[in-house]
**Student:** 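One structure follows; several queries about it will come next.
We count residues from 1, following the sequence as given.
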Amino acid sequence: MRHRREELQRRQGRRPDRVLRPGAGQAHREGGSLVPREYSRTLRINSQLQRELSELIRDELTDPRIGRLTITDVVVAKDVRNAKISVSQLGSDDELKQAVKALNGAAGRLRHLLVDRLRIRHVPTLHFSADMALRDADRVGGLIRAAIASDLASEQAHERPSGDNVAPQTPDDDEQAAS
């Protein structure tokens, strides 16, 4: 070869190629100590998937069963092979179930469209599920409001009888009674 042996050797004091630092990939060095990363890769992928899927569902899908959906949560597995997407929709439970069924049917098309938008090696397989937490929260809120209304109604119905409506005594009344 034309290269001299000295040119092929690395300079003294540099780390050789293909050697991992201790703890590489789990933390970065800041000020001489190892500090955990603030925003992990799976969290970044979760938020990016949520944004991109919202746009794709709104702009690309024309299925009438899919109305105005809200993607409430995205959870990507650590190996980025599967993603569980929770969706919520205004309307009845049956409409939500039909929308989830339509989304699971369109999951392959959505995944194909995500390939162009995401800059990751493997686009996860999408699994949609209905998020009933908002519906349950509304139901519980309605129960609480009904309980408060019934308590107020029972308080008004059971006010003191008319014979007990004696005016409370003031300190001036006490002085007059003492004299």
Side-chain angles (χ1 to χ4, degrees), residues 18-157:
R18 299 175 193 247
V19 174
L20 293 177
R21 295 185 314 250
Q26 296 176 3
H28 64 280
R29 194 168 282 282
E30 182 177 298
S33 65
L34 290 177
V35 178
R37 290 189 178 150
E38 296 176 19
Y39 199 50
S40 71
R41 180 173 186 253
T42 55
L43 290 177
R44 289 192 310 264
I45 291 173
N46 288 347
S47 63
Q48 187 176 8
L49 261 178
Q50 187 170 5
R51 281 192 308 270
E52 297 296 335
L53 281 172
S54 295
E55 289 178 16
L56 286 174
I57 290 171
R58 183 186 66 227
D59 298 338
E60 300 291 331
L61 296 183
T62 58
D63 193 328
R65 295 176 292 177
I66 302 172
R68 296 181 55 91
L69 286 173
T70 302
I71 297 177
T72 56
D73 192 28
V74 176
V75 178
V76 177
K78 292 206 182 263
D79 64 353
V80 193
R81 296 290 182 169
N82 294 300
K84 294 178 185 176
I85 298 110
S86 300
V87 295
S88 181
Q89 181 183 29
L90 294 176
S92 69
D93 290 341
D94 292 333
E95 291 174 355
L96 180 60
K97 289 177 184 176
Q98 290 297 319
V100 168
K101 187 176 179 181
L103 284 172
N104 281 321
R109 181 166 188 247
L110 290 171
R111 186 175 183 213
H112 177 73
L113 293 170
L114 283 172
V115 169
D116 296 333
R117 293 178 173 231
L118 299 179
R119 301 277 184 215
I120 57 178
R121 182 173 295 178
H122 300 286
V123 175
T125 303
L126 307 175
H127 304 282
F128 291 93
S129 64
D131 187 6
M132 302 304 280
L134 295 175
R135 293 175 188 275
D136 291 342
D138 285 342
R139 184 181 57 79
V140 170
L143 291 173
I144 291 171
R145 285 190 296 276
I148 291 172
S150 69
D151 286 348
L152 289 175
S154 67
E155 282 180 14
Q156 291 174 354

**Student:** Can you confirm whether L114 sits close enough to E52 that some side-chain heavy atom of one is under 4.5 Å from a side-chain heavy atom of the other?
**Tutor:** yes
**Student:** Looking only at non-hydrogen atoms, find the nearest pair between E95 and Q89 and report the distance.
**Tutor:** O-OE1, 3.4 Å
**Student:** Calculate, to the nearest 0.5 Å, the distance between atoms CE and OG belonging to M132 and S86 respectively.
**Tutor:**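 Going from CE on M132 over to OG on S86, the span is 11.5 Å.
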**Student:** Quick one, F128 and L110 - any side-chain contact, counting heavy atoms below 4.5 Å?
**Tutor:** yes
**Student:** Quick one: does any side-chain atom of R41 pair with a main-chain N or O of K78 as donor and acceptor, under 3.5 Å?
**Tutor:** no
**Student:** Mind listing the closest non-hydrogen atom pair of A77 and T42 along with its distance?
**Tutor:**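 Minimum heavy-atom separation between A77 and T42: O-CG2, 4.2 Å.
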**Student:** In Å, rounded to the nearest 0.5 Å, how long is the span from OG of S129 to CG of D73?
**Tutor:**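 These two atoms lie 8.5 Å from each other.
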**Student:** With heavy-atom distances below 4.5 Å as the criterion, would you say the side chains of L49 and L118 are in contact?
**Tutor:**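 L49 reaches L118 side chain to side chain.
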**Student:** Report the distance from atom CG of L69 to atom CG of L90, rounding to the nearest 0.5 Å.
**Tutor:** 10.0 Å
**Student:** For a 4.5 angstrom cut-off between non-hydrogen side-chain atoms, does N46 reach Q50?
**Tutor:** no
**Student:** Could you give the distance from CG (L113) to CG (D59), rounded to the nearest 0.5 Å?
**Tutor:**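 Output value for this atom pair is 10.5 Å.
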**Student:** Just to verify, which of V100, L61, V87 counts as forming a side chain to side chain contact (heavy atoms under 4.5 Å, CB included) with I66?
**Tutor:**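 Exactly one candidate clears the test, L61.
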**Student:** So, R111 side chain and V123 main chain: donor-acceptor pair closer than 3.5 Å or not?
**Tutor:** yes
**Student:** When rounded to the nearest 0.5 angstrom, what is the spacing between CG in D63 and NZ in K101?
**Tutor:** 11.0 Å
**Student:** Measuring from atom CG of D131 to atom CD1 of I85, what distance do you get when rounded to the nearest 0.5 angstrom?
**Tutor:**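 D131 atom CG to I85 atom CD1 measures 12.5 Å (nearest 0.5 Å).
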**Student:** Go through the steps for L56 and R109 under the test side chain to side chain contact (heavy atoms under 4.5 Å, CB included), then give the verdict.
**Tutor:** CA-CA 10 Å; L56 286 174; R109 181 166 188 247; over 6 Å; no
**Student:** Taking C-beta and beyond as the side chain, do S54 and R58 meet within less than 4.5 Å on heavy atoms?
**Tutor:**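 No, too far: nothing below the 4.5 Å cut-off.
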